[in-house]
There are 2 protein chains.
Amino acid sequence: MTNAPIFERMALIGIGLIGSSLAQAARQRGLVKEIAISTRSEATLRRAEELGLGDSYSVDAAVAVEGADLVILCVPVGANEAIAKWIAPALKKGAILTDAGSTKGSVVAQVAPHVPEGVHFIPGHPIAGTEQSGPDAGFPTLFDQRWCILTPPENTDPDALEKLKAFWQGCGSDVDLMDPKHHDLVLAIVSHLPHVIAYNIVGTADDLEAVTKSEVIKYSASGFRDFTRLAASDPIMWRDVCLNNKDAILEMLARFSEDLSALQRAIRWGDGDKLFEMFTRTRSIRRSIIEAGQETDAPDFGRHSGD
Amino acid sequence: MTNAPIFERMALIGIGLIGSSLAQAARQRGLVKEIAISTRSEATLRRAEELGLGDSYSVDAAVAVEGADLVILCVPVGANEAIAKWIAPALKKGAILTDAGSTKGSVVAQVAPHVPEGVHFIPGHPIAGTEQSGPDAGFPTLFDQRWCILTPPENTDPDALEKLKAFWQGCGSDVDLMDPKHHDLVLAIVSHLPHVIAYNIVGTADDLEAVTKSEVIKYSASGFRDFTRLAASDPIMWRDVCLNNKDAILEMLARFSEDLSALQRAIRWGDGDKLFEMFTRTRSIRRSIIEAGQETDAPDFGRHSGD
């Protein structure tokens with residue numbers, strides 16, 4: 001595709017699944033003229049260079065952001081504050097600073113105080129990913145037909161916001177605007193709780209004495225394996241999410257546990273009507289997700305199509 | 001394929017996902033000469049006939065099993081006892097009676113007392129399925145590379161067991177033998193708990209006041225949608241599983257909740273090291289499941305391959 005570039009120089013701080021996918025999407029669709037990549041691991045940086053993801057590479061984030069009119073932090077959310085301090089003096093006046101982190105309240109609290117005047121800070125979160133991580137995991141269509149949530153502070157420059165929206169739309173996404181607090185509540189239920197639960201059930205299975213690990217693996221197609229995908233996600237990323245969206249996650253965990261107690265009680269007392277009712281209302285949500293284009297309608301996630 | 005048929009007449013009682021897939025697998029691979037189908041719903045029976053799944057169709061299960069040397073109960077486990085009573089007088093001497101239910105202790109308790117002498121009762125459970133149900137959901141490769149667990153009672157006739165094993169192997173499965181009690185414990189962790197948890201989390205999300213259903217649907221690609229697949233499974237089947245494997249499910253729920261409390265505590269107290277440790281050990285299980293051929297290794301279950 002041949003769009004007019006929206007930005008002259010994009011700096012990606014962090015080049016894992018998200019950074020790598022952004023580099024490829026932006027390059028393929030002509031959204032930026034130049035891509036500067038920075039990550040603190042020399043090995044990862046070298047790999048990004050081998051993959052040809054950018055035009056320049058530096059372990060020094062301040063070097064990467066020099067002259068950039070778009071800077072995207074693509075690191076685990078716990079690393080944002082240190083990077084913000086590091087790059088602040090090097091940010092160009094008029095640049096847009098954004099991120100791709102899964103929590104937004106914490107990013108505002110930890111990054112905003114360090115943003116120099118004249119730099120447009122607009123936090124963001126693409127609702128896209130896979131369970132894989134690292135620069136090799138990226139692919140240019142990751143953001144297609146996925147939502148990207150931006151949480152612009154009050155008094156955000158409208159032109160800067162428009163440019164950032166156009167960038168994400170260029171990557172294939174639809175853009176929603178939201179308050180950071182509401183974002184964190186929404187993501188706590190649609191993403192953080194599912195990951196925490198998936199990690200937990202895989203841990204429970206791993207700990208059993210009476211059922212061997214080999215049995216869990218052999219018979220996993222009966223349900224368990226679905227959870228192992230989320231539970232194979234990057235542990236650093238998810239540690240940071242839990243530490244940085246604590247209140248909303250604890251709230252969702254409390255509701256989940258309350259509901260689970262009710263379900264457990266229905267099982268204990270053999271309340272078939274209650275169980276049937278609980279198991280019936282959940283089908284329509286999946287149907288809606290498929291209709292919204294956010295899920296495949298092939299049975300079993302389409303796994304059998306490759307058989 | 002042209003195998004010599006293992007059975008003369010197979011009667012399938014129930015023609016949902018499993019019955020329909022068995023009919024198609026057995027036909028395609030020449031495992032049986034004749035297929036008799038019975039289900040209590042006239043509409044479903046008509047649909048099975050339209051799909052050409054069998055050679056004869058009857059709402060009377062006793063008619064279907066007449067002369068059959070293989071009878072497979074493919075109904076929700078709660079229906080097994082009534083069917084056993086119904087068909088018992090019509091079962092042919094020397095016939096093999098088996099089932100495809102997700103619980104085995106309950107099947108032994110509810111069916112065995114009604115099995116006439118001279119009939120070989122060997123409970124079974126194919127570890128295969130999708131979230132869809134009904135005769136249209138079936139397909140002949142459902143059992144390929146999946147395990148089928150048989151729980152033969154002591155003193156089971158070895159020839160009958162060999163024939164039933166050969167049938168399942170003909171359907172593409174590997175066969176394991178197990179004690180019913182152990183089966184129920186294994187399945188409680190690999191299948192029943194995951195389904196109960198998935199139903200529960202989808203219910204929790206559905207009940208929120210502060211997050212709309214439309215938001216849950218839009219942003220579901222961030223994790224939630226994975227759970228909706230299991231939670232879209234047949235509610236009658238899962239009600240019956242919960243009612244018929246109560247003790248093992250309650251045991252697994254107790255362990256899961258205990259582990260979740262520990263995880264919740266780590267979140268509340270910001271124990272990053274503990275969270276990292278909990279989130280790290282789970283990756284290797286997925287790797288093992290993929291290596292065992294029980295899961296695709298494409299990222300995101302291969303959803304993106306169809307993009």
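Predicted model only: the values in this text are computed from it and were never measured. Naming convention: chains lettered A, B, ... in sequence-line order (proteins, then strands); numbering from 1 in each chain.
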**OP:** Drop me the distance from B:Thr204's OG1 to A:Ile189's CD1, to the nearest 0.5 angstrom.
**Re:** 6.0 Å
Original post:
When rounded to the nearest 0.5 angstrom, what is the spacing between OG in B:Ser220 and CD1 in A:Ile127?
Top reply: 10.0 Å
Subject >> Considering all heavy atoms, the nearest A:Pro299-B:Gln132 contact >> reply: CB-CD, 3.8 Å
Subject >> Engaged part of B:Met237 at the chain A interface, taking heavy atoms whose separation is under 4.5 Å >> reply: neither
Subject >> Gap between atom CG of A:Leu253 and atom CG of B:Leu260 - 0.5 Å precision >> reply: 5.5 Å
Original post:
Where on A:Ser261 is there a heavy atom nearer than 4.5 Å to chain B: the side chain, the backbone, both, or neither?
Top reply: neither
Original post:
If every non-hydrogen atom of B:Thr282 is compared with every non-hydrogen atom of A:Gly203, which pair is closest and at what distance?
Top reply: CG2-N, 4.2 Å
**OP:** Heavy-atom distances under 4.5 Å only: say whether B:Gln294 touches chain A with side chain, backbone, both or neither.
**Re:** both
Subject >> Residue part contacting chain A, namely of B:Asp176, when any heavy atom lies under 4.5 Å >> reply: side chain
Subject >> Rounded distance [0.5 Å steps], CD1 in B:Ile197 versus CG in A:Asp226 >> reply: 13.5 Å
**OP:** Answer whether the closest heavy-atom distance between the side chains of A:Ile267 and B:Leu243 falls below 4.5 Å.
**Re:** no
Original post:
Side chain, backbone, both or neither: which part of A:Ala188 has a heavy atom under 4.5 Å from chain B?
Top reply: neither
Original post:
Can you tell me if B:Thr228 uses its side chain to pair, donor with acceptor, with the backbone of A:Arg286 under 3.5 Å?
Top reply: no
Original post:
Which atom pair, heavy atoms only, marks the closest approach of B:Ala232 to A:Arg283?
Top reply: O-NE, 2.7 Å
**OP:** Using non-hydrogen atoms and a 4.5 Å limit, figure out which bit of B:Ile290 sits close to chain A: side chain, backbone, both or neither.
**Re:** neither
**OP:** Run the salt-bridge test on A:Arg255 and B:Glu209 with the 4.0 Å N-O cut-off and return the result as yes or no.
**Re:** yes
Original post:
Where does B:His182 contact chain A at under 4.5 Å (heavy atoms): side chain, backbone, both or neither?
Top reply: side chain
**OP:** Using the six-membered ring of B:Phe301, assess whether NZ or CZ of A:Arg303 lies under 6.0 Å from its centre and within 45 degrees of the ring axis.
**Re:** yes
Subject >> Atom of A:Ser222, atom of B:His195 and distance for their closest heavy-atom approach >> reply: O-CE1, 3.3 Å
Subject >> Basic-acidic side-chain contact under 4.0 Å: A:Asp207, B:Arg281 >> reply: yes
**OP:** Under 4.5 Å, counting heavy-atom pairs only, tell me which of A:Ile289, A:Val202, A:Thr296 racks up the most with chain B.
**Re:** A:Ile289
Original post:
For A:Phe227, is it the side chain, the backbone, both, or neither that has a heavy atom closer than 4.5 Å to a heavy atom of chain B?
Top reply: side chain
Subject >> Rounded distance (nearest 0.5 Å) linking atom CZ of B:Phe279 with atom CG of A:Asp240 >> reply: 10.5 Å
**OP:** Please look at A:Asp271 and chain B and tell me whether the side chain, the backbone, both or neither of the residue comes under 4.5 angstrom of a heavy atom of that chain.
**Re:** backbone
Original post:
If you tally heavy-atom pairs under 4.5 Å against chain A, which of B:Arg229, B:Lys218, B:Glu291, B:Glu295 wins?
Top reply: B:Arg229
Original post:
What distance do A:Trp269 atom CH2 and B:Lys246 atom NZ have between them, rounded to the nearest 0.5 Å?
Top reply: 8.0 Å
**OP:** Mark yes or no for whether A:Arg239, through its side chain, and B:Phe276, through its backbone, hold a donor-acceptor pair below 3.5 Å.
**Re:** no
Subject >> Parallel, tilted or perpendicular, as decided by the 30° and 60° cut-offs, for the rings of A:Trp147 and B:Tyr219 >> reply: perpendicular
Original post:
In terms of heavy-atom proximity below 4.5 Å to chain B, should A:Ile249 be classed as side chain, backbone, both, or neither?
Top reply: side chain
Original post:
Is the backbone of B:Asp300 close enough, under 3.5 Å, to the side chain of A:Glu131 for a donor and an acceptor to pair up by distance?
Top reply: yes
Subject >> Which atoms of A:Ser257 approach chain B - backbone, side chain, both or neither, heavy atom under 4.5 Å >> reply: side chain
**OP:** With a 4.5 angstrom heavy-atom cut-off, could you sort out which part of B:Asn245 is near chain A: side chain, backbone, both or neither?
**Re:** neither
Original post:
At a heavy-atom separation under 4.5 Å, does A:Ala128 approach chain B through its side chain, its backbone, both, or neither?
Top reply: neither
Original post:
Contact part of B:Leu193 toward chain A, heavy-atom cut-off under 4.5 Å: side chain, backbone, both or neither?
Top reply: both
Original post:
Checking B:Ser288 against chain A: side chain, backbone, both or neither under 4.5 Å from a heavy atom?
Top reply: both
**OP:** Would you name the heavy atoms of A:Val216 and B:Val190 that are closest together and state the gap between them?
**Re:** CA-CG1, 3.6 Å
Original post:
Picking from A:Asp174, A:Val186, A:Leu275, which has the most non-hydrogen pairs under 4.5 angstrom with chain B?
Top reply: A:Val186
Original post:
Within the side chain of A:Asn200, is there an N or O that forms a donor-acceptor pair under 3.5 Å with the backbone of B:Phe256?
Top reply: yes
Original post:
If every non-hydrogen atom of A:Pro194 is compared with every non-hydrogen atom of B:Gly223, which pair is closest and at what distance?
Top reply: CB-C, 4.0 Å
